[in-house]
K.L.:
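Structure incoming, see below.
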Amino acid sequence: MTTLPYEDLLAKLQEDTTVTPKNREALTDFLTYETPGSCLYTKWTNPPIIESGKGNKVTDVDGTEYIDCITGMSSMNIGHGDERVAKVMQEQYQKLSHWFDFPTPERLKLVKRLCDITPGDFDKRVWLGLSGADAIDAILRLVRVHTGKSQIISFYGGYHGQNIGTMSLTTKAGMHRWYSPVPPADNGVNRFPYPYAYRCAYNTTNDAESAEAAVDAIDRILMSGENTMANYAAGINNVAAIIVEPMQCSAGYIKPHNDFLRRLRELADKHGILLVFDEIQTGMGRTGKMWGSEHSGVVPDLMAVGKALGGGIPMSAVVGRAEIFEKLAPGMSSNTYAGYALGCAVANKVLDIFEEDNLVEKCAQTGDYMAGVLADYAAKHPLVGSYDQTGVFLGIEYVTDRATKEPALQETIVLCDELRSAGLLAQRNGYYGNRMSFIPPVNITNDDVDEMFRILDEVTTKVEKQFGITGSEADTHAVEEEASHGKEFLVQSTL
């Protein structure tokens with residue numbers, strides 16, 4: 001007889017002697033009273049139940065402290081427990097916490113600021129929501145209403161939310177199976193491979209070629225009449241927008257060559273298509289610039305912002321060209337809590353903190369330091385196949401053999417669990433489940449980086465020994481050769 005998921009997890013929990021008492025009690029309650037369909041058990045074999053957080057550390061119900069390299073999937077970019085945010089929350093709650101989806105002074109202040117700090121020297125407007133999925137769902141409506149066209153282009157590996165609208169853009173088969181029998185993939189979305197140079201779908205050999213191939217493939221299809229999107233020769237274009245993450249996040253923190261967004265901008269302009277950036281994780285300073293797209297200097301027509309904007313409470317926004325919003329009439333959308341006064345006050349304070357603490361520049365400086373530490377780590381460990389890093393945006397790919405690039409799936413599962421046991425929480429992900437994303441607050445210091453990599457180094461050594469992963473002199477020489485190429489190598493390295 002087949003057991004249900006929660007029954008299987010409960011049985012394994014009771015059998016596991018490594019789970020501490022209060023965590024066991026809390027996990028039992030979770031599996032008894034909540035749905036096991038949440039993402040908690042997708043991260044670790046024995047997830048910790050976190051009770052408190054301060055700065056870049058969190059503490060579980062048994063008092064164990066961890067370095068937080070998840071930060072609410074890049075929601076807590078300013079770290080946990082900032083007293084300045086707490087003060088604003090108390091003051092605003094006592095003044096006015098919420099009054100439906102109507103303007104308030106804090107809301108109007110926030111939308112003006114978002115227009116000022118986002119890329120683009122043109123008139124802008126803003127739509128406010130509560131989550132990234134809210135923002136992307138609004139974008140799907142906005143671009144179709146504005147253009148009168150139905151089709152959307154997105155990319156494999158992209159993550160844009162899980163509601164009925166946005167799930168059509170999110171390319172995860174494990175999630176799509178829960179939307180049957182009417183799959184969200186039937187919502188006018190056309191998907192193409194992202195420029196993931198280490199495992200390029202177009203069999204190129206470096207970042208620049210991968211970026212070029214990814215965009216050229218779309219162009220060739222759009223130039224053809226044998227597709228549902230366009231017929232260039234006949235002057236037909238059914239595509240409303242291209243939606244893309246400037247750097248892929250849920251897929252493993254993958255950074256493409258800067259030419260990718262530049263070429264996408266050219267492609268969009270050539271075919272009369274809106275270009276939309278999902279900056280929900282790459283925005284708010286993580287990459288060493290306020291917005292991830294700033295590394296390429298490309299300006300989108302619309303941008304989705306979320307997660308870290310709220311400093312730990314729900315907030316999101318769509319910011320873009322004013323004309324895209326002009327057809328909308330009163331009542332186009334209604335969301336009870338969208339733009340609520342408390343959330344807007346906190347978002348304004350978060351933006352204040354970015355300015356007061358000079359967080360973007362400090363993140364870039366920490367990123368420069370991290371690049372050197374990361375290169376040393378990669379050179380030492382044959383389990384490392386590739387990595388992407390800029391600012392404190394960091395993804396590492398693990399392989400059993402650098403020559404064959406065989407994904408180290410089981411090794412990475414063990415690595416993730418062992419990091420948790422050693423006091424470091426990070427995210428396992430990737431196209432093949434063999435990448436680790438490290439997502440600390442953007443205000444971490446060089447000392448914090450050293451502490452992270454001390455644990456990572458020790459645990460990686462342990463896992464390599466357990467699975468018999470060994471390097472060679474040729475591997476070491478290749479790493480040294482790549483490292484000698486300079487800073488560009490430190491942003492993305494294939495070992």
Side-chain angles (χ1 to χ4, degrees), residues 111 114-115 118-120 122-129 131-156 158-171 184-192 194 215 218-219 221-222 227-232 235-246 261 263-280 282-283 291 293 298-306 316-335 338:
V111 296
L114 289 172
C115 288
T118 49
F122 43 73
D123 290 340
K124 298 174 190 168
R125 289 200 176 139
V126 177
W127 176 96
L128 292 177
S131 69
D134 270 2
I136 298 297
D137 191 72
I139 284 171
L140 289 172
R141 286 180 284 163
L142 281 167
V143 298
R144 284 168 169 156
V145 168
H146 176 67
T147 64
K149 300 170 183 177
S150 62
Q151 301 291 303
I152 305 290
I153 291 174
S154 68
F155 293 87
Y156 290 111
Y159 183 92
H160 303 284
Q162 284 192 58
N163 60 28
I164 291 294
T166 61
M167 195 66 216
S168 63
L169 303 172
T170 294
T171 56
D186 289 346
N187 287 353
V189 177
N190 307 271
R191 300 159 199 82
F192 289 87
Y194 196 80
V215 179
I218 303 171
D219 192 33
I221 296 296
L222 292 177
N227 68 90
T228 60
M229 295 180 288
N231 184 328
Y232 191 79
I236 296 169
N237 169 34
N238 299 324
V239 180
I242 299 170
I243 299 180
V244 64
E245 295 169 285
L261 295 186
R263 290 180 60 86
L264 269 186
R265 178 75 271 176
E266 293 171 359
L267 176 80
D269 292 343
K270 173 182 176 180
H271 292 279
I273 299 171
L274 297 175
L275 183 59
V276 178
F277 289 164
D278 180 338
E279 291 266 17
I280 292 164
T282 55
W291 312 108
S293 54
V298 177
V299 175
D301 299 301
L302 288 172
M303 174 187 290
V305 184
S316 67
V318 177
V319 188
R321 293 183 180 276
E323 60 266 26
I324 299 174
F325 296 76
E326 286 175 354
K327 288 184 180 178
L328 304 182
M332 170 266 184
S333 70
S334 176
N335 185 328

K.L.:
For the backbone of Leu222 and the side chain of Asp219, can you confirm whether one donor and one acceptor N or O come within less than 3.5 Å of each other?
P.N.:
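A pair under 3.5 Å: no.
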K.L.:
Can you give me the closest heavy-atom contact between Val276 and Ala241, atom names plus distance?
P.N.:
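Closest heavy-atom pair between Val276 and Ala241: CG2-CB, 4.1 Å.
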K.L.:
Quick one: closest heavy-atom pair of Ala133 and Thr166, and the distance?
P.N.:
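Nearest pair, atom of Ala133 first, then Thr166: O-CG2, 3.4 Å.
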K.L.:
If you define the side chain from C-beta out and look only at heavy atoms, does anything of Lys327 sit under 4.5 Å from Met332?
P.N.:
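Contact flag for Lys327/Met332 side chains = no.
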K.L.:
Where do Glu266 and Val215 land on the side-chain contact (heavy atoms from CB on, under 4.5 Å) test, with the steps shown first?
P.N.:
CA-CA 10 Å; Glu266 293 171 359; Val215 179; over 6 Å; no
K.L.:
side-chain contact (heavy atoms from CB on, under 4.5 Å) between Leu267 and Arg263: does it pass, once the steps are laid out?
P.N.:
CA-CA 6 Å; Leu267 176 80; Arg263 290 180 60 86; over 6 Å; no
K.L.:
Got Ile280 and Ser316 here, is their nearest side-chain heavy-atom distance under 4.5 Å?
P.N.:
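Not in contact.
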K.L.:
Checking side-chain polar atoms at under 3.5 Å, does Glu245 have a donor or acceptor matched by the opposite partner on Thr282?
P.N.:
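No, Thr282 and Glu245 have no side-chain donor paired with an acceptor closer than 3.5 Å.
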K.L.:
If I compare all heavy atoms of Phe325 with all of Leu302, which pair ends up nearest, and what's the gap?
P.N.:
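Nearest pair, atom of Phe325 first, then Leu302: CE1-CD2, 3.8 Å.
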K.L.:
Begin with the C-alpha distance, continue with both residues' side-chain angles, and end with the deciding distance and a verdict on side-chain contact (heavy atoms from CB on, under 4.5 Å) for Val239 and His271.
P.N.:
CA-CA 9 Å; Val239 180; His271 292 279; over 6 Å; no
K.L.:
Contact between Asp301 and Phe122 at the side-chain level, heavy atoms closer than 4.5 Å - yes or no?
P.N.:
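In short, these two side chains do not touch, never coming nearer than 4.5 Å.
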K.L.:
Does Lys124 use its side chain to pair, donor to acceptor, with the backbone of Val319 at less than 3.5 Å?
P.N.:
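No, the answer is negative, given that no donor and acceptor are paired below the 3.5 Å cut-off.
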K.L.:
Verify, without hydrogens or angle tests, whether Lys149 (side chain) and Val143 (backbone) share a donor-acceptor contact under 3.5 angstrom.
P.N.:
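Checking the backbone N and O of Val143 against the side chain of Lys149, no donor-acceptor pair under 3.5 Å is found.
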K.L.:
Around Asp269, counting heavy atoms of other residues, nucleotides and ligands shown, do more than 12 lie under 6.0 Å from its CG?
P.N.:
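Atom CG in Asp269 is crowded, with more than 12 foreign heavy atoms closer than 6.0 Å.
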K.L.:
Kindly indicate, with the supporting measurements, whether the criterion side-chain contact (heavy atoms from CB on, under 4.5 Å) is fulfilled by Trp291 and Val299.
P.N.:
CA-CA 10 Å; Trp291 312 108; Val299 175; over 6 Å; no
K.L.:
Is the shortest heavy-atom distance from the side chain of Ile218 to the side chain of Phe155 under 4.5 Å?
P.N.:
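Touching, per the 4.5 Å side-chain cut-off.
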K.L.:
Between Ala304 and Ala135, which heavy-atom pair has the shortest distance, and what is it?
P.N.:
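Residues Ala304 and Ala135, closest heavy atoms: CB-CB, 4.1 Å.
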K.L.:
What's the separation between atom OG in Ser293 and atom CG in Leu275, rounded to the nearest 0.5 Å?
P.N.:
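CG of Leu275 is found 9.0 Å from OG of Ser293.
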K.L.:
When you measure from the side chain of Asn237 to the backbone of Ala230, do you find a donor-acceptor pair of N or O atoms at a distance under 3.5 Å?
P.N.:
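The answer is no, because no donor-acceptor pair under 3.5 Å joins these two groups.
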K.L.:
Would a distance-only check, ignoring hydrogens and angles, find a side-chain to backbone donor-acceptor pair under 3.5 Å from Arg144 to Ser150?
P.N.:
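Pair found, side chain donor or acceptor close to backbone of Ser150.
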K.L.:
Side-chain contact test, heavy atoms from C-beta onward, threshold under 4.5 Å: evaluate it for Pro300 versus Glu279 and give yes or no.
P.N.:
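Pro300 vs Glu279: side chains apart.
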K.L.:
Just one of Val111, Thr118, Val305 clears the side-chain contact (heavy atoms from CB on, under 4.5 Å) bar with Val126, so which one?
P.N.:
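Exactly one option meets the side-chain contact (heavy atoms from CB on, under 4.5 Å) with Val126, and it is Val111.
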K.L.:
Looking at CD1 of Ile243 and CD1 of Ile273, how far apart are the two atoms once the value is rounded to the nearest 0.5 Å?
P.N.:
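Those atoms lie 12.0 Å apart.
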K.L.:
Can you measure from CD1 (Ile153) to CZ (Arg191) and round to the nearest 0.5 angstrom?
P.N.:
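Spacing of CD1 (Ile153) from CZ (Arg191) equals 11.5 Å.
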K.L.:
For Asn238, what residues pass the side chain to side chain contact (heavy atoms under 4.5 Å, CB included) criterion, not counting sequence neighbours?
P.N.:
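Applying side chain to side chain contact (heavy atoms under 4.5 Å, CB included) to Asn238 gives Gln151, Ile236.
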K.L.:
Measure the shortest side-chain to side-chain distance between Arg265 and Leu261 over non-hydrogen atoms and say whether it is less than 4.5 angstrom.
P.N.:
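Contact flag for Arg265/Leu261 side chains = no.
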K.L.:
Mind checking whether Asp134 and Trp127 have side chains closer than 4.5 Å, heavy atoms only?
P.N.:
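Yes, close enough: below the 4.5 Å cut-off.
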K.L.:
Taking the side chain as everything from C-beta on, heavy atoms only, tell me whether Ile324 gets closer than 4.5 Å to Leu274.
P.N.:
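They are in contact (side-chain heavy atoms under 4.5 Å apart), so the answer is yes.
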K.L.:
Taking Asp123 for its side chain and Ala322 for its backbone only, find out whether a donor-acceptor pair lies under 3.5 Å.
P.N.:
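It does not hold such a pair.
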K.L.:
Might you point out which heavy atoms bring Ile152 and Ala240 nearest each other, and give the distance in Å?
P.N.:
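Reported closest heavy-atom pair: CD1-CB, 4.2 Å.
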